[in-house]
Participant: 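Dropping a structure here in structure tokens format, bear with me for questions.
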Amino acid sequence: MLDRVTSAPPSGLTRPDGSPLHVLVVDDEVNIAELLAMALRYEGWQVSMAHSGAKAVAMAKEDRPDAVVLDVMLPDFDGMEVLRRMRGHHPDVPVLFLTARDAVEDRVAGLTAGGDDYVIKPFSLEEVVARLRALMRRAGAADRRTAAVLSVGDLRLDEDSHEVFRGDDEISLTATEFELLRFLMRNPRRVLSKPQILDRVWNYDFGGQANVVELYISYLRKKIDAGRAPMIHTMRGAGYVLKPAEAE
């Protein structure tokens, strides 16, 4: 059975034609880029990644993303030059700068160069997502919030009613259990690390107590997998993955 997401994404934002928004993430720190990509995919957006300025410019020219998350410090040339080259063929794309520089002149330089907003490292994924939502709304993204039902195998989750079913059996979850399951179901077959789960579900900034993840995974297993073929799997040393039972 195919994993699928039906109807609108959690953010409710789409392109005017209803298709998913596309965000280009540019950061030479691969772990940070992947964390950002995970958070943005959770919003229902398509994400591509580049780890150098040259690659970012080429991808932006080819794919014409709806927004760019752009690190200022890159290994070949800096974010200001990336922005200048991007704007040469995609003049209106919203750009959110990521910077470790907190001096006022550096922030002013980024905005003067044409950046639309900036976030200072270390940052919260929630802050990045919120700022991107605001930028894309201003750029004309459509807000089409409708009922959304996530389905993975025989597991279904209704984001509006908060009803969860495994087959024909309704499953009662706490608010935190529901949010954890929603994150797992937004990323089926994808191994999610404890830090990724902490940041997305508990809003910790790249850290926190990993044992709370283990605890809530055990709670979910007792409700989702009890007496059934398991869907939630531990990948030792890597994290957790949710997949249809018949895919084992």
Participant: For Phe77, check ring pair (Phe, Tyr, Trp, His ring centres under 6.0 Å) against everything at least two apart and list the hits.
Facilitator: none

Participant: Mind checking what makes ring pair (Phe, Tyr, Trp, His ring centres under 6.0 Å) contact with Phe178, not counting sequence neighbours?
Facilitator: His162

Participant: Is a side-chain donor or acceptor of Asp66 paired with a backbone partner of Met136 at a separation under 3.5 angstrom?
Facilitator: no

Participant: Decide yes or no on side chain to side chain contact (heavy atoms under 4.5 Å, CB included) for Leu181 and Leu242, but give the supporting numbers first.
Facilitator: CA-CA 9 Å; Leu181 181 61; Leu242 181 139; 3.9 Å; yes

Participant: I'd like to know if Asp169 pairs up with Arg228 as an ion pair, taking the criterion as any Lys NZ or Arg NE/NH1/NH2 lying under 4.0 Å from an Asp or Glu carboxylate oxygen.
Facilitator: yes

Participant: Partners of Thr174 by side-chain hydrogen bond (donor to acceptor under 3.5 Å, both in side chains), sequence neighbours excluded?
Facilitator: Glu177

Participant: Counting only N and O atoms by type, is there a donor-acceptor contact under 3.5 Å from the side chain of Asn187 to the main-chain atoms of Arg190?
Facilitator: no

Participant: Does Glu214 pair with Lys194 as a salt bridge, N-O distance under 4.0 Å?
Facilitator: yes

Participant: Any side-chain heavy atom of Leu36 sitting closer than 4.5 Å to one from Glu29?
Facilitator: no

Participant: So, the side chain of Arg166 versus the backbone of Ile224: is there a donor-acceptor pair under 3.5 Å, distance only?
Facilitator: yes

Participant: So which of Lys243, Arg189, Met231 actually passes side-chain contact (heavy atoms from CB on, under 4.5 Å) with Val152?
Facilitator: Met231

Participant: Taking only residues two or more places apart in sequence, or in another chain, which ones meet Arg131 in a side-chain hydrogen bond (donor to acceptor under 3.5 Å, both in side chains)?
Facilitator: Asp117, Glu127

Participant: Distance from Arg133 atom CZ to Trp45 atom CH2, nearest 0.5 Å?
Facilitator: 6.0 Å

Participant: Under 3.5 Å, is there a donor-acceptor pair between the side chain of Asp158 and the main chain of Val149?
Facilitator: no

Participant: Pair Lys121, Ile32 - check side chain to side chain contact (heavy atoms under 4.5 Å, CB included), show working.
Facilitator: CA-CA 10 Å; Lys121 294 181 178 180; Ile32 290 180; 4.3 Å; yes

Participant: Within the distance-only criterion (no hydrogens, no angle test), does the side chain of His90 pair as donor or acceptor with the backbone N or O of Pro65 below 3.5 angstrom?
Facilitator: yes

Participant: Other than Phe165, which residues form its hydrophobic cluster under the rule that side-chain heavy atoms must be closer than 4.5 Å?
Facilitator: none

Participant: Could you check if a side-chain atom of Leu180 sits within less than 4.5 angstrom of a side-chain atom of Ile217, using non-hydrogen atoms only?
Facilitator: yes

Participant: Would you check if Tyr219 and Leu215 make a side-chain contact, meaning some heavy-atom pair closer than 4.5 Å?
Facilitator: yes

Participant: Which donor-acceptor pairs under 3.5 Å do side chains of residues 47-59 form with protein atoms, sequence neighbours excluded?
Facilitator:
{"unit_1": "Ser48", "atom_1": "OG", "unit_2": "His22", "atom_2": "NE2", "d": "2.9"}
{"unit_1": "His51", "atom_1": "ND1", "unit_2": "Asp27", "atom_2": "O", "d": "2.8"}
{"unit_1": "Ser52", "atom_1": "OG", "unit_2": "Lys55", "atom_2": "N", "d": "3.3"}

Participant: Please tell me if the side chains of Leu40 and Val129 come closer than 4.5 Å, counting only heavy atoms from C-beta onward.
Facilitator: yes

Participant: Identify which one of Glu43, Glu179, Glu159 satisfies the salt bridge (Lys or Arg N to Asp or Glu O under 4.0 Å) criterion when paired with Arg186.
Facilitator: Glu159

Participant: Ignoring hydrogens and geometry, is there a side-chain-to-backbone donor-acceptor pair from Arg87 to Val93 under 3.5 Å?
Facilitator: yes

Participant: Is there a side-chain contact between Leu155 and Leu150, using heavy atoms and a 4.5 Å cut-off?
Facilitator: no

